[in-house]
Amino acid sequence: MKVSEDMAIKLIALDLDGTLLTSKKTIDEETKKRLLEVQKMGISIAIATGRDKGGIDFVSKPLHLEEGKNFVAGVNGQIIYDFAKKEYYVDGVFGAEDAKNVMRLGKKYDFEVISCCGYDNYDFISKKLKAKKKIRSLLFGAPMDYGFNQGKRRFLPIQDCEYEITQDINKFVLIQTAAYFKKHLNSIRRELSDYDILEVGPAWIEIMPKGVSKGSALLKIGKENHISPDEMMAFGDAENDLTMFQSVRYGIAMGNAMESLKRYAYDVTDTNDQMGIAKALDKYIFYPARAKK
């Protein structure tokens with residue numbers, strides 16, 4: 001892949017899990033060094049993640065994001081935070097009827113549904129699935145709350161699909177086995193066609209309001225800060241990163257990315273455990289002459 005002669009990157013967007021973060025949930029030192037250096041060059045960083053801003057302090061602090069013109073496109077682009085202005089922008093959210101629709105389908109198809117409402121996360125799960133999850137937790141040490149119950153957050157199990165959630169809901173997370181979703185995901189997509197269905201991992205599906213995405217968030221950030229899509233580079237590994245690749249000129253897929261994402265990539269770098277981001281930044285930002293050879 002040749003580098004465009006007029007490549008001038010002003011913003012780099014980074015997915016977290018499977019992209020910026022290694023499999024141990026850390027940032028490798030070489031990638032960290034380069035991300036600190038690009039900020040000195042005047043390039044902005046946007047963390048584009050399914051998490052909210054409160055869940056990324058372990059990333060924003062070591063990268064010193066609060067010290068520059070940097071951003072968070074959180075909850076898959078639903079919430080934008082501007083570190084310099086200390087301002088939030090919130091896009092469309094779900095309501096109680098949406099939650100009932102998704103939980104009813106969860107009951108019908110027997111999958112777990114987590115309704116994410118900022119600090120409160122309502123977990124609709126059948127007794128059978130909860131028992132299976134408890135066994136997996138005991139065998140493999142995986143937390144029953146999947147890490148949602150951090151800080152002041154609450155993880156609230158419910159078993160009634162007609163439960164009235166009175167808060168705004170940012171997103172839904174659907175959880176079952178990889179084999180289960182391979183069999184049923186197309187049917188679930190058809191029944192929830194009014195929403196955007198994102199395959200974040202083989203056993204982890206996220207549901208967003210139509211048109212709310214990481215890509216739309218990057219375009220909003222760009223418009224507000226006079227950065228064109230041609231001046232943006234985005235790194236990702238999963239289906240919820242696809243809209244970034246469709247929105248910006250330089251979408252870089254990780255070596256461990258889903259094949260469906262790689263098809264839309266400007267280039268494919270190494271994996272998240274092999275300094276993939278650092279290597280791509282070397283290729284396109286720090287040593288572009290080498291990439292042109």
Side-chain angles (χ1 to χ4, degrees), residues 11 13-17 19 46-53 55-56 71-82 87-106 113-118 121 165 167-174 181 185-201 204-251 253 257-258 260-261 263-266:
L11 183 141
L14 304 162
D15 171 58
L16 290 185
D17 296 291
T19 303
I47 301 298
T49 175
R51 308 176 192 223
D52 59 26
K53 178 185 174 293
I56 69 160
F71 309 90
V72 178
V75 195
N76 294 318
Q78 186 181 69
I79 299 173
I80 297 172
Y81 181 74
D82 185 322
E87 291 180 351
Y88 281 95
Y89 172 84
V90 181
D91 211 335
V93 294
F94 292 116
E97 288 306 310
D98 297 302
K100 290 177 183 179
N101 289 339
V102 177
M103 290 191 294
R104 287 167 187 154
L105 200 65
V113 179
I114 302 173
S115 301
C116 302
C117 310
N121 300 281
I165 298 176
Q167 304 175 64
D168 287 341
I169 301 162
N170 302 119
K171 67 177 180 180
F172 301 106
V173 177
L174 315 185
F181 280 127
L185 185 54
N186 285 339
S187 297
I188 293 169
R189 286 185 188 276
R190 284 195 297 271
E191 297 216 38
L192 295 176
S193 59
D194 290 338
Y195 309 135
D196 282 340
I197 315 297
L198 308 173
E199 191 175 357
V200 178
W204 188 282
I205 308 300
E206 296 191 356
I207 301 179
M208 296 295 299
K210 280 284 187 185
V212 176
S213 68
K214 293 182 181 183
S216 65
L218 293 185
L219 294 178
K220 289 185 178 83
I221 290 170
K223 184 176 181 180
E224 182 69 21
N225 294 275
H226 309 291
I227 301 173
S228 79
D230 285 349
E231 297 169 317
M232 297 182 187
M233 177 178 283
F235 290 87
D237 75 302
E239 193 174 273
N240 63 338
D241 300 315
L242 177 58
T243 57
M244 293 200 294
F245 285 25
Q246 294 171 329
S247 300
V248 311
R249 186 170 184 181
Y250 305 106
M258 294 178 178
S260 58
L261 184 70
R263 289 197 290 269
Y264 287 86
Y266 178 83

With heavy-atom distances below 4.5 Å as the criterion, would you say the side chains of Leu16 and Ile47 are in contact? yes
*Is there a donor-acceptor contact under 3.5 Å linking the side chains of Tyr88 and Asp82?*
no
One should read off an interatomic distance between Arg249 CZ and Met233 CE, to the nearest 0.5 angstrom, of 10.5 Å
In terms of heavy-atom contacts, Ala257 and Leu261 come closest through CB-CD2, 4.2 Å
Query - Test log, rule side chain to side chain contact (heavy atoms under 4.5 Å, CB included), inputs Leu105 and Ile188 - result: CA-CA 8 Å; Leu105 200 65; Ile188 293 169; 4.1 Å; yes
Notebook entry, point to check: Is there side-chain contact between Val248 and Tyr266, with at least one heavy-atom pair below 4.5 Å?
Noted result: no
Can a donor-acceptor pair be found between the side chains of Asn170 and Gln78 at a distance below 3.5 Å?
yes
Margin query: Tell me if a side-chain donor or acceptor on Lys171 pairs with a main-chain N or O of Asn76 at a distance below 3.5 Å.
Written below: no
Can you check whether Val75's main-chain N or O pairs, donor with acceptor, with Arg51's side chain at less than 3.5 Å? no
When rounded to the nearest 0.5 Å, the distance separating CZ of Phe245 from CZ of Phe235 is 8.5 Å
Counting N and O atoms only, with roles assigned by atom type, does the side chain of Asp196 sit under 3.5 Å from a partner on the main chain of Gly211, one being a donor and the other an acceptor? yes
Short question: side chain of Ser216, backbone of Val212 - any donor-acceptor pair under 3.5 Å? no
*Donor-acceptor pair between Ser193 and Arg190 side chains, under 3.5 angstrom*: no
Taking every heavy atom of Ala99 against every heavy atom of Ile169, the minimum-distance pair comes out as CB-CD1, 3.5 Å
Between the CD atom in Glu87 and the CD atom in Glu224, the distance rounded to the nearest 0.5 Å is 8.0 Å
Between the CG atom in Asp98 and the CE atom in Met103, the distance rounded to the nearest 0.5 Å is 10.5 Å
Considering only heavy atoms from C-beta outward, does the side chain of Leu174 approach that of Val102 to under 4.5 Å? yes
Interatomic distance, CD1@Ile114 vs CD@Glu206, rounded to 0.5 Å, equals 9.5 Å
Check whether any side-chain heavy atom of Asn101 lies under 4.5 Å from a side-chain heavy atom of Tyr195, and answer yes or no.
yes
Tightest non-hydrogen contact, residues Glu199 and Ala238, listed as O-CB, 4.0 Å
request  = Please step through side chain to side chain contact (heavy atoms under 4.5 Å, CB included) for the pair Cys117 and Ile165, ending with a clear verdict.
outcome  = CA-CA 9 Å; Cys117 310; Ile165 298 176; 3.9 Å; yes
**Item:** Verdict with supporting geometry, Leu198 and Ile205, side chain to side chain contact (heavy atoms under 4.5 Å, CB included)
**Value:** CA-CA 6 Å; Leu198 308 173; Ile205 308 300; 5.9 Å; no
Quiz item: Looking at side-chain heavy atoms only, is the closest gap between Gln246 and Tyr264 below 4.5 Å?
Solution: yes
Q | side chain to side chain contact (heavy atoms under 4.5 Å, CB included) evaluation trace for Ile207 with Leu192 | A | CA-CA 9 Å; Ile207 301 179; Leu192 295 176; 3.4 Å; yes
What one should report as the nearest heavy-atom pair of Asp237 and Asp15 is OD1-OD2, 2.8 Å
- Query: Any side-chain heavy-atom pair from Met232 and Leu218 closer than 4.5 angstrom?
  - Reply: yes
Heavy atoms, side chains only, cut-off 4.5 Å: are Glu239 and Val200 in contact?
no
**Asked** Counting N and O atoms only, with roles assigned by atom type, does the side chain of Asn225 sit under 3.5 Å from a partner on the main chain of Gly222, one being a donor and the other an acceptor?
**Response** no
Here the pair of heavy atoms bringing Gly92 nearest to Pro209 is O-CG, 3.5 Å
Report task. Kindly indicate whether the side chain of Thr19, heavy atoms from C-beta on, has any atom under 4.5 Å from the side chain of Leu14. Result -> no
Which of Thr49, Asp241, Thr243 passes side-chain hydrogen bond (donor to acceptor under 3.5 Å, both in side chains) with Lys214? It is Asp241
* What do the steps show when you test Phe172 against Phe94 for ring-ring contact (aromatic ring centres under 6.0 Å, His included), and what is the final call? -> CA-CA 9 Å; Phe172 301 106; Phe94 292 116; 4.7 Å; yes
The reported gap from CG in Asp230 to OH in Tyr250 (rounded to nearest 0.5 angstrom) is 6.5 Å
Scanning both residues in full, the closest heavy-atom pair of Leu219 with Pro229 reads CD2-CG, 3.7 Å
